[in-house]
S.K.: 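I am attaching a structure below and will ask some questions about it afterwards.
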Amino acid sequence: MTSSSSPSPDRAPETDSAELRSAVGKFFRRAMPLLVVMLVVNQMDRTNIGFVREHLEADLGIGAAAYGLGAGLFFVAYAIFEVPSNMLLERFGARIWLSRIMISWGAVTFAMAFVQGPTSFYVGRFLLGVAEAGFFPGVMYYLTRWLPDRFRGRAVAIFLGGSSTAYIVTGPASGGLLELDGVLGVAGWKWMFLVQGVVSVLLGCYALVALVSRIGDARWLTAGEKAALSAAVAEDDRRREAAAAGDRQVSKLRLAVRPQVLLLCLIFFAMTLNGYAVTFWLPSMVGRIEGLSSFGIGLVSAVPWFVALVVMYLLGRRTDRTGVRRPWVPVMLLLAAGGTFASTFGSPVWGVVLIGLAAVGFKCAASQFWPIAQQALPLSVVAAGVALINSLGNLGGFVAPTAFGIVEETTGSTTLAMYGLAVASVLAAGLALFVRPAPRAEETITVEARKTAR
């Protein structure tokens, strides 16, 4: 049983000053809602093409293979330009750079309404990846400049909740805009890109005014709150530098061949495969249900994500209370595999229900994966290791839609691709059994002391 005198990592200890607690509270009320809305719109703009696939094929001749390649090219561009974007964020500040990212991706989303065929579709998706590159890690960096470690866990959880919420919002929003088909002589899929692009640009302009890069520039903090918050962040920076001193001495190439890092990369790659395959192809699967309008397809497509969000929240509460996370990763990956495999049999309605089950599986597995991944890496490489796992694992966002498109173009269905996803989930579940926590400094000292005593 945990002593009541030991505060949880995300709870302010009694030694925190009133000024610090007040400053943190103001940040959560003023900055976090905007960051969450930005992430919701971000996720919407990168995944909205799942709702216009048939329209692009009918109007522009973009077949399944071309669609899958275009959907995946986003992630190639994102991976290439992520590091340069992060470097520029440090130079220009979070307010300017995060706002610039959002305005840029809004402009590219708007321009997607004017694609003429596969080539311009590829270019648009690649440019969208360039525009969005660095947004997520940029926000993570922004949080380190504003919050001490013990408050940041709650902030990250709130922010990531926006990603799950986006999947629920995207369907009805995109489906509703598709219902504008023919208004002013403009196709519904063009309305979707036009409106969502304008919303992104306007929100980016608002962020340019509302976001504050540095604690010292916040007019809504008192002098005492600024001093207390700045001191707490600076102290955490000093501790983090000491703990991660070895990061600068470990290259990404050496990290990639470490067994634990490679193991975690493969597991997260499988999760990403499942996530983006379902994201980009679910609306097409729902569209096979007879009698649904574009808005109805959007609503039904949101249901699996809503269920996944609820189950993920309940599982998170349970694992936070019990501290037992490790067994849930393979269990949920097997659930994803079973749902994916079984969805290929029976009616379209049954298929969508089972895809919803698969969504619950891989979303819950991912929510439990990151705390385990951080525990599995030594403190000296945890920051670099997590970044490497995220960047390599996200290549599944390129592989999944590309492979799905090729399989459907070749065979006339996505059945074989769904089997491939199921196999990937089973293999990842098996690999998850071999993940072990890394010994921490205090554990190493204890072991050495025991050896000396002998």
S.K.: Rounded to the nearest 0.5 Å, how far does CG of L211 lie from CE of M102?
M.R.: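 That separation rounds to 10.0 Å.
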S.K.: Find out whether F404 and M418 are in side-chain contact, i.e. whether some heavy atom of one side chain is under 4.5 Å from a heavy atom of the other.
M.R.: yes
S.K.: Report, as yes or no, whether the 6.0 Å neighbourhood of atom CZ on F306 holds more than 12 heavy atoms from other residues, nucleotides or ligands.
M.R.: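 Counting other residues, nucleotides and ligands, CZ of F306 stays at 12 neighbours or fewer.
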S.K.: Looking only at atom types and distance, does a side-chain atom of S99 sit under 3.5 Å from a main-chain N or O of L208, one as donor and one as acceptor?
M.R.: yes
S.K.: Search all heavy atoms of L98 against all heavy atoms of M38 and return the closest pair with its distance.
M.R.: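 Taking L98 first and M38 second, the nearest heavy atoms are O-CE, 4.1 Å.
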S.K.: Mind telling me whether Y67 and F121 have parallel, tilted or perpendicular rings, with 30° and 60° as the class edges?
M.R.: parallel
S.K.: Got a sec: does the CH2 of W220 have more than 12 other heavy atoms crowding it under 6.0 Å?
M.R.: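 Yes - once you tally the heavy atoms of other residues, nucleotides and ligands closer than 6.0 Å, there are more than 12.
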S.K.: If you draw the axis of the six-membered ring of Y78, does the NZ or CZ of R46 fall within 45° of it and under 6.0 Å from the ring centre?
M.R.: yes
S.K.: Which heavy-atom pair separates T272 from G397 by the least distance, and what is that distance?
M.R.: CG2-N, 3.5 Å
S.K.: Closest heavy-atom contact between L315 and C364?
M.R.: CD2-CB, 3.8 Å
S.K.: Does some side-chain heavy atom of S174 sit less than 4.5 Å from a side-chain heavy atom of Q196?
M.R.: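 A side-chain contact under 4.5 Å exists here.
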S.K.: What's the spacing between L431 CG and C265 SG if we round to 0.5 Å?
M.R.: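 Interatomic distance, L431 CG to C265 SG, rounded to 0.5 Å: 11.5 Å.
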S.K.: Measure the NZ-CG distance between K363 and N274 for me, rounded to the nearest 0.5 Å.
M.R.: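 It comes to 12.0 Å.
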S.K.: Please lay out, stage by stage, how V130 and V108 fare under the test side chain to side chain contact (heavy atoms under 4.5 Å, CB included).
M.R.: CA-CA 10 Å; V130 174; V108 175; over 6 Å; no
S.K.: Does a sphere of radius 6.0 Å around CZ in F434 hold more than 12 heavy atoms from other residues, nucleotides or ligands, not counting ones at 6.0 Å or beyond?
M.R.: no
S.K.: Under a 3.5 Å distance rule, please check whether R125 uses its side chain to pair with a backbone N or O of A71 as donor and acceptor.
M.R.: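 Yes: the side chain of R125 pairs with the backbone of A71.
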S.K.: Closer than 3.5 angstrom, by distance alone: can the side chain of W105 be matched with the main-chain N or O of V201 as a donor-acceptor pair?
M.R.: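 No, because the side chain of W105 does not come within donor-acceptor range (under 3.5 Å) of the backbone of V201.
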S.K.: Okay, side chain of Q43, backbone of V41: is any donor-acceptor separation there less than 3.5 Å?
M.R.: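 Flag not set: sc Q43 to bb V41 has no pair under 3.5 Å.
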S.K.: Could you verify whether a donor N or O on one side chain and an acceptor N or O on the other, from S22 and E225, lie under 3.5 Å apart?
M.R.: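 The criterion, which ignores hydrogens and geometry beyond distance, is satisfied for E225 and S22.
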S.K.: Within a strict 4.5 Å, meaning less than it, do heavy atoms of the K190 and V52 side chains meet?
M.R.: no
S.K.: Could you tell me if the side chain of D181 sits less than 4.5 Å from the side chain of W191, heavy atoms only?
M.R.: no
S.K.: Minimum heavy-atom separation for L395 and F269, please, with both atom names.
M.R.: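 So the two residues come closest at C-CE1, 3.8 Å.
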S.K.: Take atom CZ in F28; do more than 12 heavy atoms of anything else shown fall under 6.0 Å from it?
M.R.: yes
S.K.: Does the R214 side chain pair with the main chain of G93, one donor and one acceptor, at a distance under 3.5 Å?
M.R.: no
S.K.: Using side-chain heavy atoms (C-beta onward) and a distance below 4.5 Å, is L20 in contact with L229?
M.R.: yes
S.K.: Would you call the rings of F27 and Y142 parallel, tilted or perpendicular if under 30° counts as parallel and over 60° as perpendicular?
M.R.: tilted
S.K.: Step by step, would you call V435 with L264 a side chain to side chain contact (heavy atoms under 4.5 Å, CB included)?
M.R.: CA-CA 8 Å; V435 177; L264 293 166; 4.1 Å; yes
S.K.: Between CG of L89 and CZ of F135, what distance do you get to the nearest 0.5 Å?
M.R.: 11.0 Å
S.K.: For side chain to side chain contact (heavy atoms under 4.5 Å, CB included), just list the numbers for L203 and L34, CA-CA rounded to whole Å, side-chain angles, deciding distance to a tenth of an Å, and then say yes or no.
M.R.: CA-CA 9 Å; L203 187 58; L34 176 58; 4.0 Å; yes
S.K.: Would you say D45 and M112 make side-chain contact, with heavy atoms under 4.5 Å?
M.R.: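 They are not in side-chain contact.
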S.K.: To check you understand the geometry: which heavy-atom pair defines the closest contact between F51 and L178, and what is its length?
M.R.: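 Of all heavy-atom pairs spanning F51 and L178, the closest is O-CD1, 3.3 Å.
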S.K.: Testing the basics here: between I355 and S343, what is the closest heavy-atom pair and its distance to 0.1 Å?
M.R.: CD1-OG, 3.7 Å
S.K.: Show your working on side chain to side chain contact (heavy atoms under 4.5 Å, CB included) between F110 and V195 and close with a plain yes or no.
M.R.: CA-CA 7 Å; F110 185 90; V195 173; over 6 Å; no
S.K.: Return the orientation label for the F193 and W189 ring planes: parallel under 30°, perpendicular over 60°, tilted otherwise.
M.R.: perpendicular
S.K.: Before we go on, tell me: are the rings of F74 and F126 under 6.0 Å apart, centre to centre?
M.R.: no
S.K.: Can you measure from OH (Y419) to CG (L416) and round to the nearest 0.5 angstrom?
M.R.: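 Answer for the OH-CG pair, Y419 versus L416, is 7.5 Å.
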S.K.: Strictly distance-based, threshold 3.5 Å: is any side-chain N or O of T344 a donor or acceptor partner for the main-chain N or O of T340?
M.R.: no
S.K.: So F92 and R100, do their side chains get closer than 4.5 Å, heavy atoms only?
M.R.: no
S.K.: Strictly distance-based, threshold 3.5 Å: is any side-chain N or O of K226 a donor or acceptor partner for the main-chain N or O of I215?
M.R.: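 No.
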S.K.: Find the distance between CG (N48) and CG (L177) and round it off to the nearest 0.5 Å.
M.R.: 9.5 Å
S.K.: Are the side chains of F75 and V399 in contact, using a 4.5 Å heavy-atom criterion?
M.R.: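 Sidechains of F75 and V399: no contact.
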S.K.: Side chain of E179, backbone of F295: donor and acceptor closer than 3.5 Å?
M.R.: yes
S.K.: Give a yes or no answer on whether the side chain of S85 reaches the backbone of F81 with a donor-acceptor pair at less than 3.5 Å.
M.R.: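 A pair under 3.5 Å: no.
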